[in-house]
Amino acid sequence: MRYYLIAGEASGDLHGANLMKALLKYDEQADFRFFGGEKMAAVGGCLVKHYKEMAFMGFVEVLANLQTVLANLKKCKADVLDFRPDVLVLIDFPGFNLKIAEYAKKQGIKVCYYISPKVWAWNQKRVLKIKKVVDQLYCILPFEVDFYQKWGMQVHYVGNPLLDEIARFEADPTFREKNGLQDQKIVALLPGSRKQEIERLLPEMLAVAKHFAGYHFVVAAAPNFEEAYYRSFGMPDNVSLVFGQTYQLLAQAQLAIVASGTATLETALFAVPQVVVYKGGALTIAIGRMLIKIKFISLVNLILDRALVTELIQADCNLARLLAELGKLKEGQYRQAMLQGYSELKKLMGNAGASERTAQHIYQYARS
């Protein structure tokens, strides 16, 4: 059968690739065409557009790149119609994907949505649109099921694909030696994969490295940027870079400073005490505060429905606060409480196998 997949970010590329691998177990003749990245391309099929040309962060950034966004939408609609898939599989990226879902639905194409839109965060009435344009919705966060059911929508909780990735992970015993880390205590720095967030958060993280003795700091660098780009921020002597080795880094880290997003959940699943940070454009934040209806920004706190990890947002993301919060996590009761909370989080999230469960359901639905 013919599958058209759309992923607009690095995380979507990862989860899309795993979903494609799982689909091939049920449908050996699967024909894939997609918006995505290198990981999806490595599975097979035709990469139409890379996510690097699509990922814009925040209200203001989207408006500033509106012509590009509109051109991408036009290209995608035409390509979907030309390919005429048996099923369209949308992966997260709701600002773009819900528009494609609406178009595909009008064309009589079956629409599956993997990693459901986070409409519980703001403008919850968007659920009514989702009910109209999405045929099958797959949730990866436990609390999303109740949310959607309250709006009268039946959804599938398939577990979280991060659990699949972590279950497959194997620690490299030579990681420290390869990266010149020896027996040093490590603070992992995860500044995100988008240019806007890296440029706002990495300078704050590097400032901490200059004042936090006894630890070596390691930046989890995004593969879509060159080493020279990171070096341009000015790296203190106790800071190293690693590319494409985030899980290897987390497996060795004692502490972490993490950009709000999926990485906060990954860090928790690796049981690394963390401080969560976020900085956005002033106008984006102002709009967000008017619209967003959630108590927390980190997935860890949202799933647990309580403030387990500290979130430093905008002006609170500064050297003094970062040093204070990171210092509290070095040892003692505060650290142990966070690790205990992580254990609760793992129980709530369930077991690995999200990609397999989703692929099986999509395949059966596409055949129906």
Side-chain angles (χ1 to χ4, degrees), residues 2-17 19-20 31-119 122-123 126 129-130 132-135 192-200 222-226 229 261-262 280-281 283-284 287-288 291:
R2 296 153 71 86
Y3 304 85
Y4 202 111
L5 301 94
I6 303 173
E9 299 173 292
S11 60
D13 179 36
L14 170 66
H15 301 319
L19 181 64
M20 289 162 67
D31 184 6
F32 298 123
R33 191 172 178 86
F34 49 88
F35 279 39
E38 290 87 355
K39 289 182 172 63
M40 293 171 74
V43 179
C46 178
L47 172 61
V48 179
K49 184 169 285 291
H50 199 286
Y51 68 80
K52 287 191 287 188
E53 301 175 56
M54 301 170 63
F56 301 107
M57 182 181 176
F59 303 102
V60 177
E61 289 81 0
V62 170
L63 287 173
N65 293 278
L66 188 58
Q67 291 303 313
T68 300
V69 173
L70 293 175
N72 288 339
L73 279 167
K74 183 177 180 181
K75 179 180 178 66
C76 187
K77 289 176 181 178
D79 201 58
V80 167
L81 188 60
D82 184 61
F83 186 64
R84 199 78 199 182
D86 293 291
V87 62
L88 173 68
V89 182
L90 307 170
I91 304 168
D92 204 359
F93 204 51
F96 187 93
N97 275 339
L98 285 176
K99 292 179 175 63
I100 299 300
E102 184 175 18
Y103 176 78
K105 187 72 173 178
K106 290 177 181 177
Q107 304 302 321
I109 297 170
K110 293 178 178 179
V111 179
C112 291
Y113 209 120
Y114 179 42
I115 307 181
S116 53
K118 297 174 180 62
V119 292
W122 67 282
N123 193 8
R126 286 183 297 166
K129 179 179 180 180
I130 293 171
K132 292 179 181 178
V133 302
V134 173
D135 298 307
S193 60
R194 297 184 182 103
K195 189 176 182 182
Q196 294 102 325
E197 60 185 344
I198 293 170
E199 293 183 351
R200 289 177 179 135
N224 48 314
F225 293 99
E226 300 292 333
Y229 171 70
T262 305
L283 183 55
T284 294
I287 296 171
L291 298 176

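All figures in this text were calculated on a predicted structure; none of them were measured in a lab.
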Report task. For the pair K49 and K75, evaluate side chain to side chain contact (heavy atoms under 4.5 Å, CB included) and give the outcome as yes or no after the intermediate values. Result -> CA-CA 9 Å; K49 184 169 285 291; K75 179 180 178 66; 3.7 Å; yes
Query raised in the report: How far does CD1 of I91 sit from OH of Y113, to the nearest 0.5 angstrom?
Result: 9.5 Å
Report summary line: When rounded to the nearest 0.5 Å, the distance separating OG of S116 from CD1 of I130 is 7.5 Å
Using a 6.0 Å cut-off, check whether atom [atom1] of [X] has over 12 heavy atoms from anything other than its own residue.
X    : atom1 : result
K77  : NZ    : yes
K39  : NZ    : no
Q107 : CD    : yes

4.5 Å side-chain heavy-atom contact, [X] and [Y]:
X    : Y    : result
K105 : D135 : yes
I109 : V87  : no
K132 : E102 : no
Y103 : C76  : no
R33  : Y3   : no
L90  : C112 : no
I115 : H15  : yes
V89  : I6   : no

If you compare all heavy atoms of [X] against all heavy atoms of [Y], which two are closest, and at what distance to 0.1 Å?
X    : Y    : result
A17  : V43  : O-CG2, 3.7 Å
F34  : M20  : CE2-CE, 3.8 Å
S193 : A10  : OG-CB, 4.4 Å
N72  : F35  : O-CE2, 4.2 Å
L5   : G16  : CD2-O, 4.5 Å
L88  : A104 : CD2-CB, 3.6 Å

Query raised in the report: Does NZ or CZ of R2 lie under 6.0 Å from the centre of the six-membered ring of F83, at an angle within 45° of the ring axis?
Result: yes
Query raised in the report: Would L81 and D79 count as a side chain to side chain contact (heavy atoms under 4.5 Å, CB included) if you check the C-alpha gap in whole Å, the side-chain angles of each, and the deciding distance to 0.1 Å?
Result: CA-CA 5 Å; L81 188 60; D79 201 58; over 6 Å; no
Query - Exercise: do Y51 and N224 side chains pair donor with acceptor under 3.5 Å - result: no
Requested in this report: Using the side chain to side chain contact (heavy atoms under 4.5 Å, CB included) rule, take L73 and I100 through it: C-alpha gap first, then chi angles, then the decisive distance, then the call.
Outcome: CA-CA 7 Å; L73 279 167; I100 299 300; 3.8 Å; yes
Requested in this report: Verify, without hydrogens or angle tests, whether D13 (side chain) and G8 (backbone) share a donor-acceptor contact under 3.5 angstrom.
Outcome: no
**Report entry** Audit row: Y4, V48, side chain to side chain contact (heavy atoms under 4.5 Å, CB included) steps and yes/no
**Finding:** CA-CA 10 Å; Y4 202 111; V48 179; 3.8 Å; yes
